[in-house]
Amino acid sequence: MAYVRYETEGAIGILTIDRPKALNALNSEVLDDLSAALDGVDLETIRVLILTGSGDKSFVAGADIGEMSTLSKEEGTAFGKKGNDLFRRIETFPIPVIAAVNGFALGGGNEIAMSCDFRICSDNAVFGQPEVGLGITPGFGGTQRLARLIGPGMAKQLVYTARNIKADEALRIGLVNQVTTQEELLPTAKKLASVIAGNAPIAVRACKKAINDGLQQDMDQAVVTEEKLFGSCFETEDQREGMANFLRKKDDPKKVKHVAFQNK
């Protein structure tokens with residue numbers, strides 16, 4: 001993979017988009033490399049992914065305008081599908097994916113960040129959907145995920161004006177969960193990933209699916225989805241160990257035992 005690095009630290013996988021000379025802009029090769037990197041994630045051992053960009057200037061500055069500038073209508077539609085298929089795969093990936101946003105997250109950069117489960121950003125981060133200034137619409141899910149995350153009114157304002165916003169405003173409107181210094185961005189993301197990785201993996205995966213699927217359903221259907229996923233956790237080793245450990249601690253708080261959850 002020429003443009004994506006994949007590293008592991010225990011149960012955490014770190015995907016780094018590595019095209020710094022182009023501010024990590026997304027072209028077809030980068031999208032292919034990201035897809036290949038996801039193929040290589042060992043879901044038996046990795047419990048959380050962190051997605052970030054190379055350097056401290058840019059997470060992803062957008063889709064590659066040089067590549068897009070010559071596309072026909074049909075090629076533009078195909079390029080949009082290529083990005084949407086990948087971002088949907090990230091969104092529905094079995095394990096949580098955290099975006100660690102360093103610097104620019106514009107256009108496709110904001111869109112790939114929104115496909116992650118949640119976003120942490122550095123204080124120099126800049127977000128936006130500048131596409132209408134280029135004569136196009138957001139094409140990798142921006143018109144859909146942004147409205148779902150921050151509400152249609154605010155999303156429409158950002159998309160229609162092509163205005164960029166800084167980290168503090170992104171936090172205020174709910175686009176990001178947390179703002180850190182540049183130095184603390186990756187350590188903070190790793191710390192959160194470690195907390196998640198320490199919980200029962202089957203339950204965490206079921207929670208992700210329940211939330212994602214439920215958001216596409218009415219409440220009557222959504223609670224049925226939750227019931228089924230809730231039930232699927234029972235009779236797993238994680239459930240037996242977790243509840244047995246809780247009951248042991250309840251009976252004797254001095255005998256607190258750590259539960260090492262296993263993928264079963």
Side-chain angles (χ1 to χ4, degrees), residues 3-4 15-31 33-34 50-69 71 76 79-80 82-84 86-88 90-91 97-152 154-180 182 185-186 189:
Y3 295 123
V4 175
L15 284 169
T16 304
I17 299 171
D18 190 19
R19 198 187 175 205
K21 291 182 179 179
L23 297 179
N24 301 322
L26 301 172
N27 61 11
S28 294
E29 291 177 86
V30 176
L31 297 177
D33 283 357
L34 280 167
I50 296 172
L51 176 65
T52 193
S54 179
D56 57 8
K57 292 182 179 180
S58 181
F59 171 68
V60 171
D64 193 307
I65 296 173
E67 179 176 355
M68 290 193 297
S69 64
L71 298 180
F79 187 57
K82 187 181 187 75
N84 269 321
L86 173 63
F87 292 8
R88 184 65 176 148
I90 293 170
E91 188 171 43
V97 184
I98 302 170
V101 179
N102 45 314
F104 295 116
L106 304 176
N110 191 40
E111 289 169 314
I112 194 171
M114 290 191 294
S115 73
C116 298
D117 289 276
F118 56 87
R119 290 142 294 285
I120 301 167
C121 74
S122 57
D123 50 18
N124 71 326
V126 179
F127 299 85
Q129 298 291 159
E131 288 87 352
V132 295
L134 301 170
I136 58 174
T137 70
F140 292 168
T143 59
Q144 304 307 307
R145 292 191 181 92
L146 191 59
R148 286 166 167 79
L149 278 170
I150 66 173
M154 185 62 73
K156 287 176 179 179
Q157 181 177 326
L158 290 178
V159 171
Y160 297 173
T161 62
R163 183 174 69 89
N164 294 340
I165 61 173
K166 295 182 179 180
D168 57 347
E169 187 170 357
L171 179 65
R172 180 181 66 81
I173 66 176
L175 183 57
V176 301
N177 294 57
Q178 185 176 350
V179 179
T180 74
Q182 295 178 54
L185 176 62
L186 207 52

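Owing to the predicted nature of the structure, the values given are computational and were not obtained by experimental measurement.
- Rounding to the nearest 0.5 angstrom, the gap separating the CG atom in L26 from the CD1 atom in I112 is 5.5 Å.
- Distance CD1/I98 to CG/N177: 9.5 Å, rounded to 0.5 Å.
- Pairing each heavy atom of G133 with each of A162, the nearest pair is N-CB, 4.4 Å.
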- Carefully, step by step, assess V97 and D117 under the rule side chain to side chain contact (heavy atoms under 4.5 Å, CB included). CA-CA 5 Å; V97 184; D117 289 276; 4.0 Å; yes
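- Remark: F104 engages no residue in a ring pair (Phe, Tyr, Trp, His ring centres under 6.0 Å) (not counting sequence neighbours).
- Looking at residues two or more places apart in sequence or on another chain, you find a salt bridge (charged side-chain N to carboxylate O under 4.0 Å, His left out) between E91 and R88, R145.
- When every heavy atom of P130 is checked against every heavy atom of G107, the shortest pair comes out as CD-N, 3.4 Å.
- Listed by chain and number, the residues in a side-chain contact (heavy atoms from CB on, under 4.5 Å) with V179 are C121, D123, A167, L171, V176 (sequence neighbours excluded).
- Pairs of residues two or more places apart, or lying in two chains, never qualify as ring-ring contact (aromatic ring centres under 6.0 Å, His included) while including a residue from residues 161-180.
- Side-chain contact check for I50 versus L186: some heavy-atom pair is nearer than 4.5 Å.
- The two residues L146 and Q129 come nearest to each other via the heavy atoms CD2-CG, 4.2 Å.
- Taking Y3 as the reference, nothing meets the ring pair (Phe, Tyr, Trp, His ring centres under 6.0 Å) condition, with sequence neighbours excluded.
- Under the rule for a side chain to side chain donor-acceptor pair (under 3.5 Å), S115 has no partner lying at least two apart in sequence or in another chain.
- For T180, the side-chain contact (heavy atoms from CB on, under 4.5 Å) partners are I120, Q178, E184, L185, T188, not counting sequence neighbours.
- Counting heavy atoms from C-beta on, the side chains of L158 and I173 come closer than 4.5 Å.
- Considering CD1 of I90 and CG of L51, their distance stands at 6.0 Å, rounded to 0.5 Å.
- For residues 116-142, every residue pair satisfying the ring-ring contact (aromatic ring centres under 6.0 Å, His included) rule, not counting sequence neighbours, is listed here: F79-F140, F87-F140.
- We find the CD1-CG distance between I17 and L31 to be 8.5 Å, quoted to the nearest 0.5 Å.
- Atom NZ of K57 is separated from atom CG of L23 by 7.5 Å, given to the nearest 0.5 angstrom.
- Shown here for P138 and E131, the closest heavy-atom pair between the two residues is CG-OE1, 3.5 Å.
- Remark: R172 engages E169 in a side-chain contact (heavy atoms from CB on, under 4.5 Å) (not counting sequence neighbours).
- Between the side chain of N84 and the main chain of G139, a donor-acceptor pair closer than 3.5 Å is present.
- Taking S28 as the reference, E67 meet the side chain to side chain donor-acceptor pair (under 3.5 Å) condition, with sequence neighbours excluded.
- Every residue meeting the side-chain contact (heavy atoms from CB on, under 4.5 Å) condition with A113, not counting sequence neighbours, appears here in chain and number order: F59, A99, V101, R119.
- Within the structure, salt bridge (charged side-chain N to carboxylate O under 4.0 Å, His left out) contacts touching residues 15-31 (residues at least two apart or in different chains) are R5-D18, R19-D64.
- Remark: M114 CE to L175 CG distance equals 7.0 Å, nearest 0.5 Å.
- With hydrogens and angles ignored, the 3.5 Å screen pairs a side-chain donor or acceptor of N24 with a backbone N or O of S54.
- N164 places no side-chain N or O within 3.5 Å of a backbone atom of V126 that could act as its donor or acceptor partner.
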